[in-house]
Amino acid sequence: HIVSALITGSLLPRSLEEKNVPFERKGYSLAQSVRKSISVCAYVCAWVILFKIGMAYLEKFLPKSMDPIYYTLIMGLLELSNGCILLQSLDSEFLRFVISSVLLAFGGVCVILQTTSVTNHTGLGLYLPGKGIQTCLSFILSVLISPFLFPQTDLAISMYCAMTILCIGVIILLHIYCKKRCGNPENNHV
C-alpha cells in the first residue's frame with residue numbers, strides 16, 4: 001500500500017489551482033470543541049449505520065448462489081470493514097490477499113462519502129481518480145508479489161493478467177483525466 005500510494009502520488013499532478021479560501025482561525029472554547037468533535041464523529045458514524053442498513057437490504061436481493069468472491073467484493077467495495085470480515089469465507093489465501101489489498105486501497109464507498117461530507121467537498125478534485133489509481137496499483141502489485149508469498153497457489157495467475165492489463169488501462173485513463181482536469185482551471189473546484 002505504501003508503494004501504491006507513492007506511485008499514485010507521483011502520477012497525480014503536483015499542484016491544483018483551486019480557489020484560495022482564506023484560513024480563518026476561530027477560537028473555540030473547550031465545550032465548543034467537544035461539541036463540534038462529537039458532532040463530526042456522529043456524522044461519520046451515521047454513514048456507517050446507513051450503509052449497514054442498506055447492505056442488509058441488499059443481501060435480500062442478491063442471489064443465494066452468488067460466488068463468495070463476488071459477494072465479498074460487492075460488500076467490501078460498499079463498506080470496508082464488512083468486506084474484510086467476509087474475507088474469511090474465501091478458501092484461497094491468494095484471493096484473500098489480493099481482494100483485501102484492493103478493498104484496503106479503495107476504502108469503500110462509505111469511506112469516500114464520509115471523507116466528502118466531512119471535508120465539505122473542498123479539495124477533493126483528484127480524490128476519486130487517485131483512489132482509482134491506487135486501487136488498480138494495489139491489485140497489480142498484489143498479484144505480482146503473491147507468487148513469492150503463496151508459492152503453493154494452484155490458481156492460474158494468468159487469469160488475472162487480463163485484469164492487470166485492464167487495471168493498467170484504467171490507471172492510464174485516470175492519469176490522463178487528472179492531467180486534463182488540472183490543465184483546465186475551470187474544473188478544479190469541486
How would you list, by chain and number, every residue that makes a side chain to side chain contact (heavy atoms under 4.5 Å, CB included) with S100, sequence neighbours excluded?
-> L87

Between the CG atom in L73 and the CG atom in L78, the distance rounded to the nearest 0.5 Å is 10.5 Å

Same cluster (ILVMFWY, side-chain, under 4.5 Å), L6 and L137 | no

With sequence neighbours excluded, tell me which residues meet ring-ring contact (aromatic ring centres under 6.0 Å, His included) with F97.
-> F150

What distance separates L95 CG from I69 CD1, expressed to the nearest 0.5 Å?
-> 4.5 Å

Cluster membership besides I85, Ile/Leu/Val/Met/Phe/Trp/Tyr side chains within less than 4.5 angstrom, sorted by chain and number, is none

Residues that S65 engages under side chain to side chain contact (heavy atoms under 4.5 Å, CB included), provided they are two or more places apart = P63

Give the minimum heavy-atom separation between M55 and M75, together with the two atoms involved.
-> CE-SD, 3.4 Å

pair V48-Q114: side-chain heavy atoms closer than 4.5 Å = yes

Could you name each residue pair satisfying side-chain hydrogen bond (donor to acceptor under 3.5 Å, both in side chains) that touches residues 39-51, not counting sequence neighbours?
-> W47-S117

With rounding to the nearest 0.5 Å, note down the distance linking CG in L50 to SG in C45.
-> 12.5 Å

Is it the case that one hydrophobic cluster holds both L58 and L86, taking links as side-chain heavy atoms less than 4.5 Å apart, direct or via other members?
-> yes

According to the side-chain hydrogen bond (donor to acceptor under 3.5 Å, both in side chains) rule, which pairs have a member within residues 66-76, sequence neighbours left out?
-> E59-Y71

Note: with side-chain heavy atoms under 4.5 Å as the link, the other cluster members for L30 come out as V34, I38

Supply the members, apart from I49, of the Ile/Leu/Val/Met/Phe/Trp/Tyr cluster built from side-chain contacts under 4.5 Å; use none for a lone residue.
-> I53, Y57

Rounded distance [0.5 Å steps], CG in L80 versus CZ in F51 | 12.0 Å

Test item: R96 side-chain N/O and Q88 main-chain N/O as donor-acceptor pair under 3.5 Å | no

Might you point out which heavy atoms bring Q32 and S29 nearest each other, and give the distance in Å?
-> OE1-N, 2.8 Å

Just list the side-chain donor-acceptor pairs under 3.5 Å for residues 103-112, sequence neighbours left out, or say none.
none

Taking only residues at least two apart or on different chains, which pairs with a member in residues 77-86 satisfy side-chain hydrogen bond (donor to acceptor under 3.5 Å, both in side chains)?
-> K52-N82, E79-S81, E79-N82

Can you tell me if S138 uses its side chain to pair, donor with acceptor, with the backbone of T135 under 3.5 Å?
-> no

